[in-house]
Engineer: 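Please find one structure pasted underneath; my questions will follow.
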Amino acid sequence: MHKTVVRTFFVTAVFLSIVLAATAQDFKKQVIYQIVTDRFVSGDTSNDNPSQSSGLFDPTKTNWRLYWGGDLAGINSEVSYLKNMGITAIWISPPVDNLNLNIPDSNNNPTASYHGYGARDFMRIEEHFGDVNNGWTAFDNLVSSLHSNNMKLIVDFAPNHTNPNNAGEYGSLYNAGTFVAAYNNDPNGIFHHNADISNFDDRYQLQYYTLEGLADLNQENSTVDSYLKSALQQLQQHGTDAFRIDAVKHVTWGWEYSMSNAAFTYGPSFFFGEWYQGINDALYHDSYKFANNSGISLIDFPLNQAIRDVFISNNNFSEIDNQLSAENSNFTWQNDLVTFVDSHDLPRFLSVNNNTNRLNEALAFILTSRGIPVIYYGDEQYLHNDTNGGSDPYNRNPMTSFSTTTTPYTFIHTLAGLRQTNDALAYGSSTQRWINNDVYIFERKFFNDVVLVAINKNDSSSYAISGLNTALPAATYPDVLSGGLGGLSISVSNGSGGNNPVSSFTLPAHTVSVWQSTSTATSPEVGSIGPTLGQPGVKATIAGKGFGNSSGSVLFGATSASINSWSDSSVTFTVPSVSNGVYNVQLKTAGNVASNTMQFTVLTAKLIPITFTVNNATPTNTGDYIFLTGAGVELGNWGTTFDTAIGPMLDPNYPNWFLNASVPAGTTIQFKFIKIAANGAVTWENGSNHTYIVPTSGNGYVNVNWQY
């Protein structure tokens with residue numbers, strides 16, 4: 001068991017005075033710490049080798065594919081360490097009951113689902129992480145500890161699959177201990193029975209084929225639909241604040257709209273998903289269409305590739321700048337994208353390039369740039385193991401140090417505090433102010449709150465910086481990091497149009513400088529709304545500053561929402577009964593002073609996943625696709641473009657096409673199918689609109705013929 005050592009903390013008075021928002025919907029101010037639960041800290045040795053899954057624990061910690069003893073109690077024992085680093089939310093491994101049997105590797109060595117991604121029972125807690133009875137006590141204790149420290153819990157949730165389909169328990173799924181099905185015993189269609197994915201650019205394979213031999217759940221099955229949503233709700237009932245959705249692009253996309261909606265209907269939450277992709281990915285357009293419409297933000301893999309290319313491989317800073325520019329124009333909610341340097345799926349930075357200066361610079365970048373930053377556990381201790389290039393499982397190291405005096409621990413603390421006190425980091429725009437191959441100077445701005453960041457990644461050369469402008473008011477600015485990463489002060493004089501000249505200076509090698517200015521709001525300034533969509537009755541939160549402490553109003557057009565809570569920086573309200581559509585929501589103070597507006601999509605009713613099939617559709621050529629379109633915001637309001645229509649549909653049985661889409665419960669919907677050609681030309685089917693009465697719960701199916 002890990003023993004906590006006495007530590008000296010350096011907490012600034014400003015940071016101590018901050019009280020984090022109690023609601024879960026606004027995650028933009030969070031600094032997330034990702035933990036591989038089994039590899040962090042052992043807090044309870046009684047769960048090391050439980051009887052129902054005996055033999056999967058390695059006390060010698062030499063078999064990297066077995067359990068090593070980390071658990072929820074161990075995380076709980078280090079909440080103070082995390083809080084004093086400035087961490088405001090922790091992301092834990094999937095905590096649900098995992099595969100109980102050994103599946104030997106190719107060398108006949110035992111392996112286990114120590115990582116959490118081999119679920120067998122989503123309704124119980126894994127015995128190695130909680131207790132031998134698969135109970136919730138350790139989970140509940142962790143939630144209580146986090147919430148008492150104004151911190152949040154993110155659960156990694158994997159609705160795509162259970163466990164391996166060809167060995168061990170053969171994908172077996174249980175419901176609170178009761179057997180449901182196995183991949184080789186599946187009379188009711190709980191699983192998809194398809195080959196492993198071979199083409200990761202094929203939309204049908206991505207959603208319906210098998211990912212790495214894991215039994216693929218059929219979300220269009222009514223039992224699976226209800227089961228997964230009940231599991232989510234149970235986690236919410238136990239205090240989970242947010243969810244990271246594993247393999248989000250491998251789950252049925254349309255169904256996921258209903259999954260997040262089910263959670264938002266139950267209570268406040270935040271969702272972000274693992275849509276793995278690189279720069280210029282073939283399905284990049286699908287990814288931002290999904291993020292803009294599903295209520296599920298994404299982990300920013302393309303930006304991560306750029307970050308690692310620039311800081312590890314010494315590519316030019318233009319790669320990061322170009323990627324930011326592209327994403328900021330494509331994603332509606334770019335400040336909700338989740339950014340990172342290291343993860344459990346990538347070799348640690350220092351295993352690829354053992355340069356701590358560069359790691360410091362990369363971490364400082366994500367803590368100040370656009371998006372919600374994630375610190376991978378141990379990066380603050382320069383943790384790495386370079387066996388096999390540091391790839392899986394050697395990137396899932398045992399936590400060996402809890403020093404509070406390392407350079408990363410120090411500046412993470414400072415920049416996390418800045419995220420709470422200067423709204424430019426959470427809510428602001430992002431503008432490149434000066435760039436060359438080695439230097440990137442960028443500015444975050446939210447109304448009159450400004451943060452200016454300068455990074456020089458060159459290990460030996462300084463650069464003369466001239467012609468730099470900023471929105472910082474005229475003054476002299478010390479480095480927020482107090483020179484901890486080699487930063488310096490700057491002087492700013494008066495200019496015009498938000499372009500105030502900075503006196504020329506020399507930026508030293510391998511340094512990060514951060515300068516900032518905050519302002520007092522003279523009118524309400526809104527930076528966030530969350531969730532970004534929901535039907536009347538769903539609770540949502542507006543965040544920013546200058547709201548006043550007396551209740552005002554939140555307006556959807558001329559209709560006022562019911563106010564649940566009101567503070568100077570956060571207002572929670574209930575979506576009013578208005579027609580479905582996209583609204584520019586506006587807050588007004590008690591004195592009737594209006595804020596800027598924020599986009600919110602009002603749904604007609606809670607969402608029900610329906611599988612639409614159209615048979616014998618009009619012929620298509622390469623690059624042409626069939627789409628679904630119809631009345632109401634859920635069906636694209638008769639949209640005829642890639643971004644507004646629902647799809648592309650899938651054609652494994654061409655010329656028949658199908659698609660799962662989430663539509664409003666208990667309503668009669670009208671729709672048609674269209675072909676959108678590669679050049680954008682649209683072909684409508686003939687005849688009257690199709691109609692369908694959507695069930696009030698569960699799921700459903702529509703099967704029609706193309707009307708010629």
Side-chain angles (χ1 to χ4, degrees), residues 1-7 33-85 87 90-100 102 109-118 124-146 149 151 153-156 238 344 348 375-385 392-404 409:
M1 182 182 298
H2 170 76
K3 294 183 179 178
T4 303
V5 298
V6 177
R7 305 182 179 96
Y33 189 83
Q34 183 195 355
I35 296 173
V36 175
T37 301
D38 178 64
R39 300 298 157 90
F40 195 58
V41 179
S42 174
D44 180 2
T45 57
S46 70
N47 61 19
D48 285 349
N49 195 27
S51 59
Q52 65 266 50
S53 52
S54 62
L56 302 183
F57 170 67
D58 177 15
T60 69
K61 298 183 180 179
T62 54
N63 183 332
W64 285 69
R65 298 193 185 277
L66 290 179
Y67 287 98
W68 284 1
D71 51 31
L72 298 173
I75 297 172
N76 199 356
S77 72
E78 295 299 337
V79 166
S80 292
Y81 166 81
L82 299 172
K83 180 180 181 180
N84 286 285
M85 193 182 356
I87 300 303
I90 64 166
W91 156 14
I92 62 172
S93 305
V96 302
D97 187 18
N98 267 259
L99 177 69
N100 281 349
N102 164 42
N109 297 311
T111 71
S113 293
Y114 70 92
H115 41 67
Y117 296 103
R124 306 199 304 182
I125 296 297
E126 165 58 38
E127 61 270 16
H128 288 91
F129 298 158
D131 60 54
V132 296
N133 298 313
N134 300 103
W136 287 82
T137 300
F139 185 94
D140 294 341
N141 289 343
L142 176 59
V143 169
S144 178
S145 180
L146 290 170
N149 283 281
M151 298 170 69
L153 179 68
I154 304 166
V155 162
D156 201 322
H238 282 273
H344 61 299
R348 288 186 184 262
I375 307 299
Y376 187 46
Y377 81 101
D379 272 3
E380 77 280 10
Q381 303 294 337
Y382 297 136
L383 183 67
H384 63 108
N385 182 300
D392 176 10
Y394 301 103
N395 55 351
R396 302 166 183 183
N397 319 60
M399 190 72 169
T400 54
S401 174
F402 290 83
S403 170
T404 61
Y409 190 99

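Residue numbers run from 1 in the order of the sequence given. Just so it is clear, the structure is predicted and the values come from calculations on it, not from any experiment.
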Engineer: Closest approach of D156 and P95, non-hydrogen atoms and distance?
Structural biologist: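 Closest approach of D156 to P95: O-CD, 3.9 Å.
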Engineer: For T62 versus W68, what's the shortest heavy-atom pair and its separation?
Structural biologist: N-CZ2, 4.1 Å
Engineer: With under 30° as parallel and over 60° as perpendicular, where do the rings of Y67 and H128 fit, or are they tilted in between?
Structural biologist: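 Y67 vs H128 ring planes: parallel.
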Engineer: Side chains of D71 and N47: donor-acceptor distance under 3.5 Å anywhere?
Structural biologist: yes
Engineer: How far apart are the closest heavy atoms of P94 and G116, and which atoms are they?
Structural biologist: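 What the structure gives for the nearest pair is CB-O, 3.1 Å.
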Engineer: When you measure from the side chain of S93 to the backbone N and O of T37, does any donor-acceptor pair fall under 3.5 Å?
Structural biologist: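 Yes, the answer is positive, given that a donor and an acceptor are paired below the 3.5 Å cut-off.
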Engineer: Apply ring-ring contact (aromatic ring centres under 6.0 Å, His included) to H344 and list each qualifying residue two or more places apart in sequence or on a separate chain.
Structural biologist: Y117
Engineer: Has the side chain of N102 got a donor or acceptor atom that lies under 3.5 Å from a matching backbone atom of T111?
Structural biologist: yes
Engineer: Taking N133's backbone N and O only, do any of them form a donor-acceptor pair with D131's side chain (distance below 3.5 Å, no angle check)?
Structural biologist: yes
Engineer: For N397 and R348, what are the C-alpha separation, side-chain angles and deciding distance, and is it a side-chain contact (heavy atoms from CB on, under 4.5 Å)?
Structural biologist: CA-CA 10 Å; N397 319 60; R348 288 186 184 262; 2.7 Å; yes
Engineer: Ignoring hydrogens, what is the shortest heavy-atom contact between A138 and G130? Give both atom names and the distance.
Structural biologist: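 For A138 versus G130, the nearest heavy atoms are CB-CA, 4.0 Å.
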Engineer: Looking at every non-hydrogen atom in both residues, tell me the closest pair between N49 and G55 and how far apart they are.
Structural biologist: OD1-N, 2.9 Å
Engineer: Does D38 reach the main-chain N or O of G69 with its side chain, forming a donor-acceptor pair under 3.5 Å?
Structural biologist: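 Such a contact is found between D38 side chain and G69 backbone.
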Engineer: Please check if the side chain of S144 supplies one atom and the backbone of N141 the other of a donor-acceptor pair under 3.5 Å.
Structural biologist: no
Engineer: Give a yes or no on whether the backbone of D379 and the side-chain of Q381 come within a donor-acceptor separation of less than 3.5 Å.
Structural biologist: no
Engineer: I'd like to check D48 versus P59 (side-chain heavy atoms, cut-off strictly below 4.5 Å). Are they in contact?
Structural biologist: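 Answer no - side chains too far apart.
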Engineer: Rounded to the nearest 0.5 Å, what separation is found between the CD1 atom of I75 and the CZ atom of F129?
Structural biologist: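 Between atom CD1 of I75 and atom CZ of F129 there are 8.5 Å.
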Engineer: Closest heavy-atom contact between S46 and V132?
Structural biologist: O-CG1, 3.6 Å
Engineer: Report yes if the side chains of M151 and L82 come closer than 4.5 Å at any heavy-atom pair, otherwise no.
Structural biologist: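 Touching, per the 4.5 Å side-chain cut-off.
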Engineer: Distance to the ring centre below 6.0 angstrom and angle to the axis at most 45 degrees; does that hold for R39 and Y394?
Structural biologist: no
Engineer: Distance from N63 atom CG to F57 atom CZ, nearest 0.5 Å?
Structural biologist: 12.0 Å
Engineer: Please confirm whether the backbone N or O of N395 pairs with a side-chain atom of N385, one donor and one acceptor, at under 3.5 Å?
Structural biologist: no
Engineer: Would you say that D392 contacts R65 through its side chain, given a criterion of any heavy-atom pair below 4.5 Å between the two side chains?
Structural biologist: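 Yes, close enough: below the 4.5 Å cut-off.
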Engineer: The criterion is ring-ring contact (aromatic ring centres under 6.0 Å, His included); which residues satisfy it with W91, sequence neighbours excluded?
Structural biologist: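 W91 satisfies ring-ring contact (aromatic ring centres under 6.0 Å, His included) with F272 once adjacent residues are dropped.
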Engineer: Main chain of E126, side chain of N134: is a donor-acceptor contact present, judged purely on distance under 3.5 Å?
Structural biologist: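 Flag not set: sc N134 to bb E126 has no pair under 3.5 Å.
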Engineer: How far does CD1 of I90 sit from CD of E78, to the nearest 0.5 angstrom?
Structural biologist: 11.0 Å
Engineer: Over 60° means perpendicular and under 30° means parallel, so classify the ring planes of Y409 and Y81, tilted if in between.
Structural biologist: tilted
Engineer: Working to the nearest 0.5 Å, report the span between CG of L56 and CG of N100.
Structural biologist: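 Output value for this atom pair is 7.5 Å.
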Engineer: Among side-chain atoms of R396 and Y114, is any donor-acceptor pair under 3.5 angstrom?
Structural biologist: yes
Engineer: Working to the nearest 0.5 Å, report the span between CD1 of I35 and OH of Y376.
Structural biologist: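 Atom-to-atom, I35:CD1 and Y376:OH are 10.5 Å apart.
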Engineer: As an exercise, state the distance from CG of L146 to CG of L153, rounded to the nearest 0.5 Å.
Structural biologist: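 L146 atom CG to L153 atom CG measures 6.0 Å (nearest 0.5 Å).
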Engineer: Do L383 and Y377 come close enough that some side-chain heavy atom pair is under 4.5 Å?
Structural biologist: yes
